[in-house]
> 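Mind looking over this structure? Questions follow.
Reminder, nothing fancy here: chain letters follow the sequence lines and each chain counts from 1.
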Amino acid sequence: MDFDLARSSATDIPPMDFKAELNEEQYEAVTAEPGPALVLAGAGSGKTRTLTYRVAYLLSKGVAPNEILLLTFTNKAAREMLHRVEELTGVPGRRFWGGTFHHVGHRILRIHGEPVGLKSGFTILDQSDAESFLGDLVKERDPTFFKEKTHPRARQLGEIFSMSRNTCHPLEESIRRFHPQHEELTGRMLPLFEAYMERKLKQQVVDYDDLLEYLLKLLREDAETARHYQERFRHLLVDEYQDTNTLQANIVDTIGVHHRIMAVGDDAQCIYSWRGANYDNIVTFPDRHPGAAVYKIETNYRSTPEILDLANRVLVNQVPASGFFKELRAFRGHRARPYMVQTMDSREQAQFLIKRIEGLTSEGYNLSDIAVLYRAHFQAMELQMELARLSIPFQITSGVRFFEQAHVRDLVAQLRFAYNPNDLTAFQRTAGLLPKVGPKTASKLHQHALEIARDRNISVVDALQSEKLVSKVPKAAADEWPSLVQSLKDVAESCRAGAPSATVQLAVAGWYEDYLRGAYSNFHARQEDLRSLVGFAGRFEDMQDMLAQLVLLNSETSDRSVDPDADALRLTTVHQAKGLEFPVVFVIGLAENLFPLRRAVEENNLEEERRLFYVSVTRAKDELYLCFPTIGRSNGPALSLKPSRFLQDLPTHLYESLRIQRERVW
DNA sequence: AGTCGAGTTCTTTTT
DNA sequence: GAACTCGACT
């Protein structure tokens, strides 16, 4: 067996009896020979366990931690995985290169970005920044584009571009395939796309897709860098492989020219095709990596046989029948069947939930054992209000996110501009806080500042202080201008000199503090948030690292009221629940048009909705409740809802219908 | 020309 | 709720 023992730097890990700790199927995969391997691990079959033991196994064979690249799909998954590896082997997670594709892309581009035009110091636009960036550009280049009602808005235009980039299809082809309704606009979109790409590079800003695209470009065009990483990462592990898109699969294949790739996934859980996830990646893996060993892990340790019967049935209903798996085998003993619960409306649904949750906690379950899953954020609104009213603690892993709150974004924008003065979007957000300064005015001021800076060979921030520029600031903003600029200047200087936490501290205490006091009534709560950013910054030595983390971690939620370890009910979207398990799961809003979502059905994505339902039900260990309201009131008139087709497709013997006791509503 | 406030409409999923 | 539209105001 060739695990390159010669290179071993003897990582000390405790001795492990792999055979005793794993089942037959897992053991085979964990101890696979180096070489391409596809691990098809069904829901609840110990996928993460297999992956972490694989890492431990590699270490036990003398592979050094820094020779392993661990790619995951979400930040949460990355954290979880590295944590478990550390628990198992004692090797700290930071000694591995592990994280999302985007993180790894950023990390490599920071060091080696020059050949593809990225100087160190580039900043990352998050989704909404990228949207307004694109929107402004379109208004400038093709002023009538948004006038037409049928044309895509900035957001959808961004999605169209993104789809083309993530699927590695030229824009024309991608539009024809995924957005045929806009095919006749292709001629107008092409130059906008090119301008979008050009302008980002000019300002040294990148969007999410750039982190992947430039990485691939770099690996393909810069032989030296490519060789460096190909030799360094002797073992690649890819989690949730079914959700990779073509761009990501290409990155994996390029770094992994040596074919020592272990791809782990479950085709039945592919739920990101709207982001370009390519179902075929997993199917064609053996073709792209000749000699690939295929391992199947089908024993389910998570759920009761009753829950699995229902889950398996969901897959049977797939059209067309596809994929690798037929059935999950239950390991656990029998318990009650899943419950089907019909309620009048979402309010009654909330009341039922709360009542049942009280029952469950009196049976001995902790609140944190219970999760409520839904298709879209807004479905949790009613429940949130009821829970708050009854002061039942809950933790919501979706909804308003910490880094998306206005004050956090404001502050981050200042940091970004101070760090990269070319970042117009960041400047627009900062300057736009002043009265009578909007996007247009800010853009002009920025333009002037860049020119002055170039002509006089001074910094952009200094240029903002020049008399010539100050004279162009609108009168209403003139008062505050000097203190804003001074604050930016302090922050910019600190960026170059000090630790990130000191820089953030300066920004929090600077001009923005005064602004915040005036702008918001809950000034203190918001200031608290910003102070916690100082603590966050303390974890970083490098400003760019911290800024990137701020943007890439934007799914981190605001848990101002609840600490993560608290005993609290979990509310989450199905997407965010992926990979997690809970003793008790409630799936709410299981009505036609909600789950499956109307729009998804209209766009022919029914099968993905079904997989999403499959993911939902396979989260449950002991008890599963499937809830649907019969009346929906979105806006104005109440409309009657039909139970989800996913429920109707289930034979009645697979579940038990629960009658709810009507209580007085008021 | 550009900003701002009032009123209206539609809400997916994540890096 | 946020994002958009429209008309008034600077």
> When the distance from CZ of A:Arg599 to P of B:dC10 is rounded to whole Å, what number comes out?
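Taking atom P of B:dC10 as the reference, CZ of A:Arg599 is at 13 Å.
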> Let me spell it out: for each of A:Thr441 and A:Ala600, pick the nucleotide of DNA chain B with the closest heavy atom. Which residue's pick is nearer the 5' end?
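So the residue in question is A:Thr441.
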> Can you work out whether A:Lys436 or A:Ala154 has the more 5'-proximal nearest nucleotide on DNA chain C?
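Per heavy-atom nearest nucleotide, the more 5' residue is A:Ala154.
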> Run the salt-bridge test on A:Arg611 and A:Asp267 with the 4.0 Å N-O cut-off and return the result as yes or no.
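Looking at A:Arg611 and A:Asp267, the cut-off is not met.
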> Atom NE2 of A:His151 to atom P of C:dC4: distance rounded to whole Å?
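One finds 16 Å between P of C:dC4 and NE2 of A:His151, rounded.
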> For the base of B:dT13 and the side-chain ring of A:Trp274, does the geometry meet a stacking cutoff of under 5.5 Å between centres and under 30° between planes?
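Answer is yes, a stack.
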> Base, sugar-phosphate, or nothing for A:Pro435, non-hydrogen atoms under 4.0 angstrom?
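Sugar-phosphate contact only - A:Pro435 comes under 4.0 Å of backbone atoms but never of a base.
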> For the pair made of CD in A:Gln248 and P in B:dT14, what is the distance, rounded to whole Å?
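In whole Å, B:dT14 P and A:Gln248 CD are 15 Å from each other.
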> Output the rounded distance in Å from NZ (A:Lys440) to C1' (B:dT3).
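Result: 11 Å.
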> Starting from P on B:dT15, measure out to CZ on A:Arg155 and report it in whole angstrom.
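Rounded to the whole Å, the gap is 15 Å.
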> Can you see if the side chain of A:His575 gets near the phosphate of B:dT12 - specifically, an N or O under 4.0 Å from OP1 or OP2?
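The answer is no; no side-chain N or O of A:His575 sits under 4.0 Å from OP1 or OP2.
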> For the residue pair A:Gln242 / A:Glu240, report whether a side-chain donor-acceptor contact shorter than 3.5 Å exists.
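Yes, because at least one side-chain N or O of A:Glu240 sits under 3.5 Å from a partner of the opposite role on A:Gln242.
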> Taking the six-membered ring for Trp, are A:Phe73 and A:Phe101 closer than 6.0 Å centroid to centroid?
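A:Phe73 vs A:Phe101: aromatic centres not under 6.0 Å.
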> Evaluate the side-chain proximity of A:Gln269 to A:Lys47: yes if any heavy-atom separation is below 4.5 Å, no if none is.
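Side-chain contact under 4.5 Å: no.
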> Would you classify A:Glu603 as touching base, sugar-phosphate or nothing, given that sugar-phosphate means primed atoms plus P, OP1 and OP2, and contacts are heavy atoms under 4.0 Å?
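Here A:Glu603 touches the bases of the nucleic acid.
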> Salt-bridge test for A:Arg375 and A:Glu609: reply yes if a basic N is under 4.0 Å from a carboxylate O, no otherwise.
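A salt bridge links A:Arg375 with A:Glu609.
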> OP1 or OP2 of B:dG2 versus the side-chain N and O atoms of A:Lys444: is any pair under 4.0 Å?
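Result: yes.
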> Name the residue closer to the 5' end of DNA chain C, choosing between A:Glu131 and A:Met381 according to the nucleotide with the nearest heavy atom.
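It is A:Met381 whose nearest nucleotide is closer to the 5' end.
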> Round to a whole Å and report the spacing from CZ of A:Arg598 to P of B:dT13.
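After rounding, the gap between these two atoms is 15 Å.
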> Please state whether the phosphate of B:dT12, meaning OP1 or OP2, lies under 4.0 angstrom from any side-chain nitrogen or oxygen of A:Arg375.
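For B:dT12, OP1/OP2 do not have a side-chain N/O of A:Arg375 under 4.0 Å.
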> To the nearest Å, how far apart are A:Gln127 CD and B:dT12 C1'?
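It is 12 Å, rounded to the nearest whole Å.
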> Would you say A:Gln576 places a side-chain N or O within less than 4.0 Å of OP1 or OP2 belonging to B:dT14?
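For A:Gln576, the contact criterion (side-chain N or O under 4.0 Å from OP1 or OP2 of B:dT14) is met.
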> Measure CG/A:Leu71 against C1'/B:dT15 and give the value in whole Å, please.
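After rounding, the gap between these two atoms is 13 Å.
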> Report the residue (A:Gly438 or A:Leu597) whose heavy-atom-nearest nucleotide on DNA chain B is the more 5′ of the two.
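Result of the comparison: A:Gly438.
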> Here's one to test your reading of the geometry: is the NZ or CZ of A:Arg619 within 45 degrees of the ring axis of A:Phe582 and under 6.0 Å from its centre?
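No.
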> At less than 4.0 Å, is any side-chain N or O atom of A:Thr573 found next to OP1 or OP2 of B:dT12? Yes or no.
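For A:Thr573, the contact criterion (side-chain N or O under 4.0 Å from OP1 or OP2 of B:dT12) is not met.
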> Under 4.0 Å, heavy atoms only, any strand: does A:Phe101 hit a base, just the sugar-phosphate, or nothing?
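Nothing, no nucleic acid heavy atom in range.
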